[in-house]
Amino acid sequence: MDNKLFGLTFAAVFGLALFVFGATNAGAYAVDNWLFPTEEFGDNTYIGTTDVSNMEVASAKMLFAGQSETWRADAELHVTYQDATEQYPLENAQILLDETVGSAETGSQNGFVFQLSPDTTGAFLAEHFPVAAFSEADVEAINEKLETALQVGQTKTNVAISDDSLSLSREKVSDVVFPASFSSLNSSTVIDALDGIQLAPGTQFSFLEFIAELPLTDISDGELTQIASAIYGALLQTNFQIDERSIGSQVPASIPLGQEAAINRQLAIDFVFTNPNDSSFTLNLSKSSDSVNASISGYPFVYSYAIGITEETDIQPRLIKQYSAFVTSGNKVEETGLSGKRLNVIRTILEDDEPLEVETVSNDFYPPVHRVEVYPLTQPAAPEATVPVAGEPGFIDANGDGIHDGTTTTPIAGQPGFVDANGDGIHDGPTTPPTSGQPGFVDADGDGVHDGTTVPPTAPTVGQPGFIDENGDGVHDGTVTPEVPTTGQPGFIDRDGDGAHDVPAPTDPATDPDKPDKKPVYDKGGKIVTE
């Protein structure tokens, strides 16, 4: 076979093979795309958190069918109404796979399609949030909101249901009345402006920013503090968040302890709070001649809130002494002083009057105002005493020479010359001891020197030192019995030679001046024999 014939034969066979191959593939394409098309997701396609890019729809459906039971076993749906959160039962929740895969758009983020039972939702709401009377329309709307929240396919999902779209009745959730005293006309301006304002969900309120828009001229920070404190007292009965709150420097006179919210415009001391709920509330304010009333209204709360004070302690002021050249004598009270306080403010969260949680709201400290006394820089010099003369008050002449023997100043305890005979802390007499013959002179030992104080001591009783009873009547005689002389001492008499002192008889002839030469005669018993 020549080369030309071989080339033609090869070309014919190759062409036939190419035709058969093309026809075969074209047929398969026609079958797949025209007669029996196969659905497939394109690039960047997600259902929930699962990437289904370039995956056939049927394969994706089988993938999710295997995952749905696992998701149901692990998934949690937390539902929040106002201040309470409860877990929704997902046992009856259904994932609609056909709707999920069928509604998925290629090249985008898609969610699952869930179905929850309205009956299950209604029973759940009635059991856990009984304070709210949900209507049938509310239940349907909440059920749809829960289904939408589940579409993302997260293991844990949180949903807040208490928005302003519900048909629930609004009621007063807190109410306080504080003593107050207003003197300015602008106090009414502030209260009227605050009365009825709406506290929107999740928004913050600043007291200073609010009143900055008002035409105020004469209202004091003290009056603004009374208004802000009433609002603060009402907020403490809710779950509102306190962002900024201060107290004054002294314990307030009328505001209840632990509920003061001080305002100081010059120092930019503000009162700021936030509504953390998904529904709005209304603040109402009013005043009377001696009080201010604040209340908050909105959807009812599940829990109630009670305010208390613990560890309340009084702090006593100290005494501070200062010295000044402007004070010449005594002392001047610059500040009388005032006690301070330390206390903790707590809030107890209750459900059906049973405490669930106790939280610390604040730790308030009011420092004491110390007492300040001002004294002179130096002590004033004592005036010179004038020496009194005979006949003038204070004249003392102890020795009868007509000259003043002491000073006119009466000594006090601890000073020289102080005499306190009876222990009453009062000076009892002159500091100069009396001499023989003067009142108060005591010479117990007969030496002519004063032995005691110028004021006679209290008479001793039986058994006490110094007690003398000469006549045996049990009463102190006030005299001192002289000591008995012994052999060789002056005055010693021993008539009978027994070595003991014999007291001389009053009629002893030896002492009789009319008979100096007459010798006494004694009997055998040693007694004098008289004529």
Side-chain angles (χ1 to χ4, degrees), residues 77-88 116 118 120-150 156-176 193-207 209-210 230-245 271-286 293-307 347-352 356-357 359 361:
L77 174 59
H78 296 272
V79 179
T80 299
Y81 165 79
Q82 296 290 73
D83 54 344
T85 300
E86 298 293 340
Q87 186 170 335
Y88 186 94
L116 302 178
T120 301
T121 301
F124 168 78
L125 296 175
E127 177 184 359
H128 295 287
F129 313 124
V131 295
F134 295 100
S135 65
E136 184 175 343
D138 290 335
V139 174
E140 289 288 346
I142 292 172
N143 192 72
E144 183 178 346
K145 180 180 289 189
L146 298 180
E147 291 176 343
T148 302
L150 290 172
K156 185 175 182 179
T157 305
N158 297 289
V159 184
I161 63 172
S162 52
D163 55 47
D164 288 332
S165 65
L166 299 177
S167 61
L168 299 176
S169 299
R170 298 180 181 271
E171 60 185 49
K172 190 177 293 186
V173 296
S174 68
D175 190 18
V176 297
L194 287 168
D195 185 36
I197 66 170
Q198 295 296 307
L199 306 175
T203 59
Q204 189 179 71
F205 178 88
S206 166
F207 191 89
E209 289 180 4
F210 181 84
I231 299 174
Y232 178 57
L235 293 176
L236 289 177
Q237 299 178 10
T238 70
N239 69 336
F240 274 57
Q241 175 183 323
I242 307 303
D243 303 315
E244 184 178 339
R245 171 252 178 183
F271 173 53
V272 183
F273 60 89
T274 298
N275 173 16
N277 302 285
D278 287 276
S279 61
S280 61
F281 287 82
T282 303
L283 172 65
N284 292 106
L285 281 176
S286 63
N293 172 242
S295 63
I296 297 176
S297 300
Y299 291 160
F301 289 113
V302 175
Y303 305 129
S304 57
Y305 302 84
I307 301 302
R347 177 164 56 185
T348 303
I349 303 175
L350 304 104
E351 182 178 20
D352 298 330
L356 296 179
E357 181 184 352
E359 60 182 12
V361 176

Checklist line | Distance (rounded to the nearest 0.5 Å) between Glu244 CD and Thr274 OG1 | finding: 11.0 Å
Checklist line | Non-hydrogen atoms of Arg347 and Thr238 that approach each other most closely | finding: NH1-O, 2.8 Å
Margin query: Quick check for you: to the nearest 0.5 Å, what is the distance between Tyr299 atom OH and Leu166 atom CG?
Written below: 4.5 Å
Notebook entry, point to check: Would you say the side-chain atoms of Asn143 pair up with the backbone N or O of Leu116, donor to acceptor, closer than 3.5 Å?
Noted result: yes
Note to self: Tell me whether the rings of Phe129 and Phe134 are parallel (<30°), tilted (30 to 60°) or perpendicular (>60°).
What the structure shows: perpendicular
Next item on the list: Please examine the side chains of Phe207 and Leu194, heavy atoms only from C-beta on, and report whether any two atoms are closer than 4.5 Å.
Entry: yes
Margin query: Would you say that more than 12 heavy atoms from the other residues, nucleotides or ligands in this model lie under 6.0 Å from the CD of Glu359, or not?
Written below: yes
Checklist line | Separation between CD of Glu351 and CG of Leu356, rounded to the nearest 0.5 Å | finding: 5.0 Å
Next item on the list: Kindly compute the distance separating CD (Gln204) from CD (Glu209), expressed to the nearest 0.5 Å.
Entry: 7.5 Å
Next item on the list: Could you tell me whether the side chain of Leu125 reaches within less than 4.5 Å of the side chain of Glu86, counting heavy atoms only?
Entry: no
Margin query: On a heavy-atom basis, which atom in Ala234 and which in Ala294 lie closest, and how many Å separate them?
Written below: CB-O, 4.0 Å
Item checked: Shortest non-hydrogen contact between Arg170 and Asp164, atoms and distance -> NH2-OD1, 2.9 Å
Next item on the list: Look at the rings of Phe281 and Phe240 and say which category their plane angle falls in: under 30° parallel, 30 to 60° tilted, over 60° perpendicular.
Entry: perpendicular
Check: How close do Ser280 and Pro201 get, heavy atom to heavy atom, and via which atoms?
Finding: N-CG, 3.7 Å
Next item on the list: Look at Lys145 together with Asp138 and state whether they make a salt bridge at an N to O cut-off of under 4.0 Å.
Entry: no
Notebook entry, point to check: Can you tell me if Asn239 uses its side chain to pair, donor with acceptor, with the backbone of Pro276 under 3.5 Å?
Noted result: no
Margin query: Keeping Ser162 on the side-chain end and Gln82 on the backbone end, is there a donor-acceptor pair under 3.5 Å?
Written below: yes
Notebook entry, point to check: Side chains of Thr121 and Tyr88: is there a donor and an acceptor less than 3.5 Å apart?
Noted result: yes
Next item on the list: Look only at the side chain of Asn284 and the backbone of Ile296, and say whether a donor-acceptor pair between them is shorter than 3.5 Å.
Entry: no
Margin query: Do Asn158 and Thr80 make a side-chain contact, defined as non-hydrogen atoms from C-beta onward lying under 4.5 Å apart?
Written below: no
Item checked: Atom CD of Glu144: over 12 foreign heavy atoms under 6.0 Å -> no
Check: When you look at Ile197 and Phe210, which way does the side chain to side chain contact (heavy atoms under 4.5 Å, CB included) test go after all the steps?
Finding: CA-CA 11 Å; Ile197 66 170; Phe210 181 84; 4.2 Å; yes
Notebook entry, point to check: Do side-chain atoms of Asn275 reach the backbone of Thr203 as a donor and acceptor pair under 3.5 angstrom?
Noted result: no
Next item on the list: Apply side chain to side chain contact (heavy atoms under 4.5 Å, CB included) to Gln241 and Asp243, showing your working.
Entry: CA-CA 6 Å; Gln241 175 183 323; Asp243 303 315; 2.7 Å; yes
Next item on the list: Check Val173 against Gly298 and note the closest heavy-atom contact, atom names and distance.
Entry: CG1-O, 4.0 Å
Notebook entry, point to check: Would you call Leu235 and Phe205 a side-chain contact if the rule is heavy atoms closer than 4.5 Å?
Noted result: no
Checklist line | Atom pair CG/OG of Asp352 and Ser304 - distance to nearest 0.5 Å | finding: 8.5 Å
Next item on the list: State whether a side-chain donor-acceptor pair under 3.5 Å links Asn277 with Asp83.
Entry: no
Check: Val159 and Thr157: which non-hydrogen atoms are nearest, and at how many Å?
Finding: CG2-CG2, 4.1 Å
Next item on the list: Determine the interplanar angle of the Phe301 and Tyr305 rings, folded into 0 to 90°, and report it as parallel if under 30°, tilted if 30 to 60°, perpendicular if over 60°.
Entry: perpendicular
Note to self: I need the Ser295 OG to Leu283 CG distance, nearest 0.5 Å.
What the structure shows: 7.0 Å
